[in-house]
Amino acid sequence: MEIATLKPSFAWKLNPLGFRPMRLALQNGKDQTVKAMLAIDSELVRFKAKGRITPLHYAAEIENVDLLTEILRVCPSSVEDLTVKCETALHIAVKNKMLKAFRVQKEWPIRNNGEILKWTDEKGNTALHIATSTNQPEVMELLIESVDVNAKNLANLTAMDIFHLQQNSHNQEAGKVLRRAKAKRAYEIIIPPFTFAEKLISWRSSLIELRDKYLGILGQSQKDSPNDVRNVILVVSILIATATYQASLNPPGGYWQDDKQKNITTTSNDSSQVQNSHRPGEMILQGSDLIIFFISNSLAFSLSILTILIVIIGLPFSKILY
């Protein structure tokens with residue numbers, strides 16, 4: 001701990017075999033060392049070893065409940081880390097039949113925990129698919145209320161399909177759990193047509209994804225969060241909209257302040273000069289300069305307003321703002 005305090009970067013260094021200190025402590029069962037390092041820097045729990053395995057994945061795999069609880073306490077967001085097979089620690093616990101590790105993660109009061117239970121691995125399997133294929137009725141019972149029992153994996157199989165495919169090696173308790181939850185086989189599921197509201201939601205999600213991609217909001221570091229990037233874009237857009245709107249009210253040159261009628265004056269050498277008439281409030285700027293000003297000013301104003309409308313999608317009270 002003293003070394004890690006004096007030189008924090010040492011806690012992140014790799015040894016010649018590609019292991020970090022925390023990984024070695026985990027492999028050798030030095031739980032107190034792991035907890036001490038977590039106390040120094042909670043972000044250490046998010047380092048990824050071979051296969052993108054994190055300490056949380058490893059603790060779930062060996063069912064180290066104490067360490068699992070400590071990791072979730074110091075870094076709740078670590079539940080979102082995925083392995084190269086797109087598996088969460090929850091997937092790994094179910095896959096290895098670690099019931100206690102599964103219970104800890106399911107019952108931990110983490111924001112969006114309900115959504116994480118629905119996440120799928122690289123084959124499209126939810127935790128329910130895995131629990132069904134490994135014959136774990138108790139885990140299935142705990143998952144039924146939190147997931148879609150009729151969700152399909154990439155092989156177009158539901159949990160009920162998996163149960164029927166492996167029925168000979170399964171006890172009937174798994175089947176009873178699925179039947180009580182009214183689970184169906186894939187061919188029994190009737191897909192209703194998209195409603196207008198669902199199409200609208202889908203269109204809105206696509207628009208948000210495009211916005212985040214082209215405005216550079218995606219892929220930001222923790223120091224420059226998406227909200228910070230969005231705020232910067234929003235502030236700059238508002239400044240441009242304000243400046244261009246103000247320029248349209250007070251154009252270059254301003255407005256005539258007097259009233260002058262059109263007349264012809266005669267000079268000393270008998271030549272005449274026509275003076276254009278104007279009224280108070282008319283713009284002094286005329287001709288091609290006026291056209292160029294209005295086109296560029298209107299374009300900047302319109303694009304900034306459009307940017308504001310796009311950026312505020314998904315923000316609270318966005319409908320009122322529109």
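Remember, it's a predicted structure, so these values are computed and weren't measured experimentally.
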**Prompt:** Would you find a donor on one side and an acceptor on the other, under 3.5 Å apart, between the side chain of Thr132 and the backbone of Leu128?
**Reply:** yes

**Prompt:** Given side chains that start at C-beta, do those of Ile40 and Met1 come closer than 4.5 Å, heavy atoms only?
**Reply:** yes

**Message:** Would Leu143 and Phe102 count as a side-chain contact (heavy atoms from CB on, under 4.5 Å) here? Give the steps.
**Reply:** CA-CA 10 Å; Leu143 284 168; Phe102 167 77; 3.7 Å; yes

**Prompt:** Same hydrophobic cluster for Ile71 and Ile92, using side-chain heavy-atom links shorter than 4.5 Å among ILVMFWY?
**Reply:** no

**Asked** At what distance, to the nearest 0.5 angstrom, does CG of Asn153 lie from OG1 of Thr126?
**Response** 8.5 Å

**Message:** Tell me the closest heavy-atom pair linking Lys118 and Ser146, and the distance in Å.
**Reply:** CE-O, 3.2 Å

**Request:** Over all heavy atoms of both residues, which pair between Gln105 and Ala93 is shortest? Give the atoms and the distance, please.
**Result:** NE2-CB, 3.8 Å

**Prompt:** Between Ala101 and Ala60, what is the shortest heavy-atom contact and its length?
**Reply:** CB-O, 3.8 Å

**Asked** Going by heavy atoms in the side chains, are Asn231 and Val311 under 4.5 Å from each other?
**Response** no

**Prompt:** Is there side-chain contact between Val149 and Ile144, with at least one heavy-atom pair below 4.5 Å?
**Reply:** yes

**Item:** side-chain contact (heavy atoms from CB on, under 4.5 Å) between Lys182 and Met160, worked out
**Value:** CA-CA 10 Å; Lys182 298 181 180 179; Met160 183 61 84; over 6 Å; no

**Message:** Taking the side chain as everything from C-beta on, heavy atoms only, tell me whether Lys35 gets closer than 4.5 Å to Asp66.
**Reply:** yes

**Prompt:** Under 3.5 Å, is there a donor-acceptor pair between the Thr158 and Asp161 side chains?
**Reply:** yes

**Message:** Looking at Lys30, I'd like to know if its NZ atom is crowded, meaning that more than 12 non-hydrogen atoms belonging to other residues, nucleotides or ligands lie closer than 6.0 Å.
**Reply:** no

**Sidechain-backbone polar pair: Gln286 side chain, Met283 backbone, donor-acceptor under 3.5 Å** = yes

**Asked** Are Leu67 and Phe19 connected, step by step, through hydrophobic side chains (Ile, Leu, Val, Met, Phe, Trp, Tyr) whose heavy atoms are closer than 4.5 Å?
**Response** no

**Request:** Please name the pair of heavy atoms, one in His91 and one in Ile130, separated by the smallest distance, quoted to 0.1 Å.
**Result:** CD2-CD1, 3.5 Å

**Request:** Check step by step if side-chain contact (heavy atoms from CB on, under 4.5 Å) holds for Val34 and Leu44.
**Result:** CA-CA 10 Å; Val34 175; Leu44 284 169; over 6 Å; no

**Message:** Tell me whether Arg185 is salt-bridged to Glu188, with the criterion being a basic N under 4.0 Å from an acidic carboxylate O.
**Reply:** no

**Prompt:** Hey, any chance Tyr58 and Met98 share a hydrophobic cluster, counting ILVMFWY side chains that come within less than 4.5 Å of each other, even indirectly?
**Reply:** no

**Message:** side-chain contact (heavy atoms from CB on, under 4.5 Å), that's the test. Do Thr134 and Lys95 meet it? Break it down for me.
**Reply:** CA-CA 7 Å; Thr134 53; Lys95 185 178 178 180; 5.8 Å; no

**Message:** Could you check whether Arg103 pairs with Glu138 (Lys NZ or Arg NE/NH1/NH2 to Asp/Glu carboxylate O, under 4.0 Å)?
**Reply:** yes

**Item:** Cationic tip of Arg23 above Phe47 ring, under 6.0 Å, 45° of axis
**Value:** no

**Expected output: side-chain Asn15 to main-chain Leu17 donor-acceptor under 3.5 Å** = yes

**Fill in**
Heavy-atom nearest pair, Tyr255 first then Ser248, reads OH-O, 3.5 Å

**Message:** To check you understand the geometry: which heavy-atom pair defines the closest contact between Thr244 and Asn297, and what is its length?
**Reply:** O-ND2, 2.9 Å

**Message:** Grouping I, L, V, M, F, W and Y whenever their side-chain heavy atoms are under 4.5 Å apart, do Val45 and Ile116 come out in a common cluster?
**Reply:** yes

**Item:** Shared hydrophobic cluster for Ile305 and Tyr245 (ILVMFWY, side-chain gaps under 4.5 Å)
**Value:** yes

